[in-house]
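I have placed the structure first, in the form of structure tokens, so that the comments after it can refer back to it.
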Amino acid sequence: MKKVLKFAPLCALLLAIVAFILLFATHSVEYANGNLKGWYDGPAALFGKGQSLGAWGGISIVGEFEGKAAWNAVLAFIFIIVALVALLVSAIMVFVKIKALEKFGGLIALIAGGLLLVAGIFIFFTLPAFFSANELGDTKNFVLGAGWVVAAILAILGGVASACPAVLALVEKK
């Protein structure tokens, strides 16, 4: 079991990288009501600037969106970046023994796990925050994009994978 847990930071790093990529590569908010469809891309919710699409029947209009970012999406983005750096340090420590960081390895992994867990939860609340920031009205018929849902789930799983060895080490000591 300890040999498997040794690679937990590396697994959490891979999950966090995929979640980070999904935030940029997929739609943050999607709309569907009969023949009317639309979406806002990931950077629109993260930075307040990006693309949007409105489609009715066979006519599609892609436009540039300039508005305000969702506060929780920005925080989730920052938390994932900080967690990626921390997990990179933890993953390197699996292969290279660094005396100065050895005693902080569990704490680094625990902090990265907490950041990823909070980031995943924040991503789930992007839809109401995005609509509130841009005063777009009712969120009826709007949903969080599938890629963002997967990114949130991967961030939460990465957080659990990162924190698991540190928590088990604390439990074993008692």
Side-chain angles (χ1 to χ4, degrees), residues 4-30 39-53 64-96 98 101-102 104-134 136 139 142-170:
V4 173
L5 289 178
K6 184 169 83 170
F7 294 106
L10 191 60
C11 294
L13 178 67
L14 293 174
L15 290 171
I17 288 171
V18 173
F20 181 77
I21 291 170
L22 284 174
L23 289 179
F24 283 102
T26 60
H27 305 148
S28 59
V29 176
E30 296 178 351
W39 50 258
Y40 294 96
D41 68 351
L46 286 171
F47 307 119
K49 292 186 180 194
Q51 291 186 334
S52 62
L53 171 95
E64 292 296 318
F65 172 79
E66 289 196 27
K68 296 179 184 171
W71 65 271
N72 55 343
V74 173
L75 280 178
F77 175 72
I78 292 168
F79 288 171
I80 288 176
I81 289 175
V82 173
L84 280 171
V85 172
L87 287 170
L88 188 62
V89 169
S90 292
I92 289 172
M93 287 175 39
V94 168
F95 301 109
V96 178
I98 302 171
L101 294 176
E102 263 184 31
F104 298 113
L107 182 63
I108 291 171
L110 196 59
I111 290 171
L115 287 172
L116 284 174
L117 185 67
V118 172
I121 293 169
F122 276 179
I123 291 170
F124 279 123
F125 295 106
T126 299
L127 180 65
F130 182 69
F131 270 67
S132 176
N134 291 296
L136 294 175
T139 60
F142 281 90
V143 295
L144 191 63
W148 277 50
V149 171
V150 171
I153 292 169
L154 290 177
I156 291 171
L157 288 176
V160 169
S162 176
C164 189
V167 170
L168 287 178
L170 287 173

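As the structure is a computational prediction, the values presented were derived from the model and not from experiment. Residue numbers run from 1 in the order of the sequence given.
Here Cys11 pairs with nothing under the side chain to side chain contact (heavy atoms under 4.5 Å, CB included) rule; sequence neighbours left out. For Leu127, the side chain to side chain contact (heavy atoms under 4.5 Å, CB included) criterion is met by Val29, Phe131, Thr139, Phe142, not counting sequence neighbours. Leu144 is linked by a side chain to side chain contact (heavy atoms under 4.5 Å, CB included) to Phe124, Thr126, Trp148, Val149, counting only residues two or more places apart in sequence or in another chain.
Minimum interatomic distance between Leu110 and Ala163 (heavy atoms only, all atoms of both residues): CD1-CB, 3.9 Å. Taking both residues in full, the closest heavy atoms of Ala112 and Ser162 are given as CB-OG, 3.9 Å, listed atom of the first, atom of the second, then distance.
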Side-chain donor/acceptor pairs under 3.5 Å, residues 66-90, sequence neighbours excluded:
{"unit_1": "Asn72", "atom_1": "ND2", "unit_2": "Phe122", "atom_2": "O", "d": "3.0"}
{"unit_1": "Asn72", "atom_1": "ND2", "unit_2": "Phe125", "atom_2": "O", "d": "2.7"}
{"unit_1": "Ser90", "atom_1": "OG", "unit_2": "Ala86", "atom_2": "O", "d": "3.3"}

Just distance, no hydrogens or angles: give the donor-acceptor pairs under 3.5 Å from side chains in residues 16-28, sequence neighbours left out.
{"unit_1": "Thr26", "atom_1": "OG1", "unit_2": "Leu22", "atom_2": "O", "d": "2.6"}
{"unit_1": "His27", "atom_1": "ND1", "unit_2": "Glu30", "atom_2": "OE2", "d": "3.3"}
{"unit_1": "Ser28", "atom_1": "OG", "unit_2": "Tyr40", "atom_2": "O", "d": "3.2"}
{"unit_1": "Ser28", "atom_1": "OG", "unit_2": "Asp41", "atom_2": "O", "d": "3.1"}

